[in-house]
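Beneath this line is the structure, given in structure tokens, with notes to follow.
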Protein chains: 2
Amino acid sequence: MARLRKLMLERLMRYYQFLAELTAGNPVSNVTSAQIAEVLDVDPTQVRKDFRSIGLMGMGRVGFDTCEVCRTIRIVLGFDLDYEAVLVGTGHLGTAMLAYSGFARYGLRIVAAFDSDQDKVGEEIAGYSIKSTMLMKSYVETSGIRLAVLTTPPGASQELTDRLVSAGVTAIWNFSPTRLTVPAGVFVRHEHISVGLSEISHHLKP
Amino acid sequence: MARLRKLMLERLMRYYQFLAELTAGNPVSNVTSAQIAEVLDVDPTQVRKDFRSIGLMGMGRVGFDTCEVCRTIRIVLGFDLDYEAVLVGTGHLGTAMLAYSGFARYGLRIVAAFDSDQDKVGEEIAGYSIKSTMLMKSYVETSGIRLAVLTTPPGASQELTDRLVSAGVTAIWNFSPTRLTVPAGVFVRHEHISVGLSEISHHLKP
DNA sequence: TAGATTGTTAATCGATTAACAATC
DNA sequence: TAGATTGTTAATCGATTAACAATC
């Protein structure tokens, strides 16, 4: 599968969410590119092109088979697979993420939570017994985990990242407000709320 | 100031963050477009164009005045102004946001926290005494708040949004996993983690 | 001065939109 | 069949990159 562009991944995700909403109450067998385009404020041609590029075929006068679209997007985005992840940093945000049950439907499963604060070790949050980051490396190595969710304070992020990478992690979902340096081959997705903030701030400006 | 494109806002934010990092330890008086471009993985011409478009002038052989760049970006993005916001929904995520001290440097100040759960009302979180959402409308109206941070469970989001909008809110920072319908003129920034998730998921796919 | 860096114009690239014959 | 909707090609639009004279 060629090089799916970032923008398209985002659109696929939006299509998927919309279809999930659409079929939530009553099952809907078909959906047209125009319907999707209208709600998501994109061009109908765009929708058809995106669908075509992941192998979906529509039917003249009918549109697309809703289930088939959902199923295909799930496969392309990898939601049908099960990804195990460790979470590092059990502050407020880390706690929020441990308690959030919505990841499961995207195939993400947090299997362990770590913290450097020895006072927190052993505590229980949302069913997770917090482990010491001293045990992190061996845990990741043994269980072959490749994904880490980073919800640590800025100061600690880089060092923990280094340890995670050396233990075999190849993808980091970074929620700490810090730029991370990683070796080639390791993927970092940095969620900086500041991007949203800049839009809002700019919008509110008199 | 014309119509700054979303992409550029994002880049301005990244420039700003980088410069903040750069000058954190030791003050650096000048910075070149090439330096910024290298670290942020964009084209140097892009940097110069962006700077030019917000009125920044560089100097041949020297580059740009670091302080001036920071100051100008702050003004363009509106960080120098003070925005008051209410937070609605004091679950784990809401709590994390109330406790987060990083918003202040972007000019955002959360002045009150609301929850619909009467058992929570009166509780204290990070110095905020939780108020009932029944008092929300009058509070927003009286204090002239225009921004709301929404960290509510999916089911409640739309109704609370309607109430916020009717009270005069014109911008909503939506962290609930729900699409919101708002009248024209109201700005919604929807932070769907699912976008990041789709990238990570796609990346980890075998 | 010589050389690095800017500002700006032109060229390229890619993404979005329009048009329309083919299809169910 | 008639009409709505697709798939695909062509046209447009905008963003990124390259080139280079002007500048400090």
Side-chain angles (χ1 to χ4, degrees), chain A residues 1-15 18-19 22-23 28-73 76 195 198-199 202, chain B residues 1-15 18-19 22-23 28-73 76 195 198-199 202:
Chain A
M1 153 144 7
R3 256 232 138 284
L4 281 178
R5 298 170 305 297
K6 210 173 141 176
L7 281 170
M8 182 169 135
L9 286 185
E10 189 169 332
R11 283 198 304 267
L12 286 181
M13 190 71 196
R14 300 217 295 144
Y15 300 151
F18 168 63
L19 291 179
L22 187 70
T23 54
V28 179
S29 59
N30 292 104
V31 67
T32 68
S33 59
Q35 277 170 47
I36 298 176
E38 160 117 50
V39 177
L40 267 52
D41 196 29
V42 295
D43 194 275
T45 311
Q46 184 74 270
V47 178
R48 297 204 291 277
K49 270 204 169 153
D50 287 338
F51 282 4
R52 194 70 201 76
S53 78
I54 58 173
L56 285 163
M57 294 282 277
M59 287 169 292
R61 221 181 102 62
V62 176
F64 294 82
D65 180 273
T66 316
C67 292
E68 195 192 349
V69 173
C70 285
R71 196 170 350 108
T72 306
I73 294 181
V76 172
V195 173
S198 68
E199 264 185 54
H202 185 263
Chain B
M1 154 142 7
R3 256 234 140 280
L4 282 177
R5 298 171 303 300
K6 208 173 145 177
L7 281 170
M8 181 169 135
L9 287 183
E10 189 168 332
R11 282 198 304 269
L12 287 180
M13 192 70 199
R14 300 218 295 145
Y15 301 151
F18 168 62
L19 292 178
L22 187 71
T23 55
V28 179
S29 59
N30 291 103
V31 66
T32 69
S33 60
Q35 276 171 47
I36 298 177
E38 160 120 48
V39 178
L40 268 52
D41 195 30
V42 295
D43 194 274
T45 311
Q46 184 73 269
V47 177
R48 296 204 291 277
K49 270 204 169 155
D50 287 338
F51 282 5
R52 194 70 200 79
S53 79
I54 57 172
L56 285 164
M57 294 283 276
M59 287 168 291
R61 221 181 102 62
V62 176
F64 294 82
D65 180 272
T66 316
C67 293
E68 196 192 348
V69 174
C70 284
R71 195 170 351 107
T72 306
I73 295 182
V76 172
V195 174
S198 68
E199 264 186 52
H202 186 262

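Values reported hereafter were calculated over all heavy atoms of this structure, with side chains retained and with hydrogens, waters and symmetry mates removed. Protein chains get the first letters and strands the later ones, always in sequence-line order, with residue 1 at the start of each.
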How many whole angstroms separate atom [atom1] of [X] from atom [atom2] of [N]?
{"X": "A:Arg52", "N": "C:dA22", "atom1": "CZ", "atom2": "C1'", "result": "14 Å"}
{"X": "B:Phe64", "N": "D:dT23", "atom1": "CZ", "atom2": "P", "result": "15 Å"}
{"X": "B:Gln35", "N": "C:dT5", "atom1": "CD", "atom2": "P", "result": "8 Å"}
{"X": "A:Asp41", "N": "C:dT16", "atom1": "CG", "atom2": "P", "result": "13 Å"}
{"X": "B:Met57", "N": "C:dT5", "atom1": "CE", "atom2": "P", "result": "18 Å"}
{"X": "A:Asp43", "N": "D:dA10", "atom1": "CG", "atom2": "P", "result": "18 Å"}
{"X": "B:Met59", "N": "C:dT5", "atom1": "CE", "atom2": "P", "result": "13 Å"}
{"X": "A:Glu38", "N": "C:dT17", "atom1": "CD", "atom2": "P", "result": "15 Å"}

(request) Treat a base pair as Watson-Crick or G-U wobble with both distances under 3.5 Å, then lay out DNA chain C in dot-bracket form, 5' to 3', with | for cross-strand pairs. (result) ..||||||||||||||||||||||
(message) Counting only side-chain nitrogens and oxygens, does B:Thr32 get under 4.0 Å of the OP1 or OP2 atom of C:dT5?
(response)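 For C:dT5, OP1/OP2 do not have a side-chain N/O of B:Thr32 under 4.0 Å.
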State, yes or no, whether a side-chain contact exists between [X] and [Y] at a heavy-atom distance under 4.5 Å.
{"X": "B:Glu68", "Y": "B:Thr72", "result": "yes"}
{"X": "A:Phe51", "Y": "A:Ile36", "result": "yes"}
{"X": "B:Ile73", "Y": "B:Tyr15", "result": "yes"}
{"X": "A:Asp43", "Y": "A:Lys49", "result": "no"}

(message) Quick check: on DNA chain C, is the nucleotide nearest B:Ser33 upstream (toward 5') of the one nearest A:Gly58, or the reverse? Name the residue that is more 5'.
(response) B:Ser33
(request) Calculate, to the nearest 0.5 Å, the distance between atoms CZ and OG1 belonging to B:Arg71 and B:Thr66 respectively. (result) 11.0 Å
(message) Measuring from atom OG1 of A:Thr32 to atom CD of A:Glu38, what distance do you get when rounded to the nearest 0.5 angstrom?
(response) 9.5 Å
(message) For a quick check, tell me whether the side chain of B:Lys49 and the base of D:dT17 share a donor-acceptor pair closer than 3.5 Å.
(response)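 Indeed there is one.
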(request) Find which nucleotide of DNA chain D each of A:Val31 and B:Arg11 is nearest to by heavy atoms, and output the residue with the more 5' nucleotide. (result)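 With A:Val31 and B:Arg11 compared, the 5'-side residue is A:Val31.
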(message) Applying a 4.0 Å non-hydrogen cut-off, can you work out what B:Arg48 is touching in the nucleic acid: base, sugar-phosphate, or nothing?
(response)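 Base, at least one base heavy atom under 4.0 Å.
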(message) Using a heavy-atom cut-off of 4.0 Å across all strands, would you classify A:Thr45 as base, sugar-phosphate, or nothing?
(response) base
(message) Taking salt bridge (Lys or Arg N to Asp or Glu O under 4.0 Å) as the definition, give me every residue that meets it alongside A:Asp50, ordered by chain and number, with sequence neighbours left out.
(response)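 Checked A:Asp50 against salt bridge (Lys or Arg N to Asp or Glu O under 4.0 Å); matches are A:Arg11.
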(request) Choose from D:dA4, C:dT6, C:dT16 the nucleotide whose nearest atom is closest to any side-chain atom of A:Arg61. (result) D:dA4
(message) If you only use heavy atoms from C-beta on, which nucleotide in D:dT17, D:dT16, C:dT16 is closest to the side chain of B:Gln46?
(response)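 Closest of the options to the side chain of B:Gln46: D:dT16.
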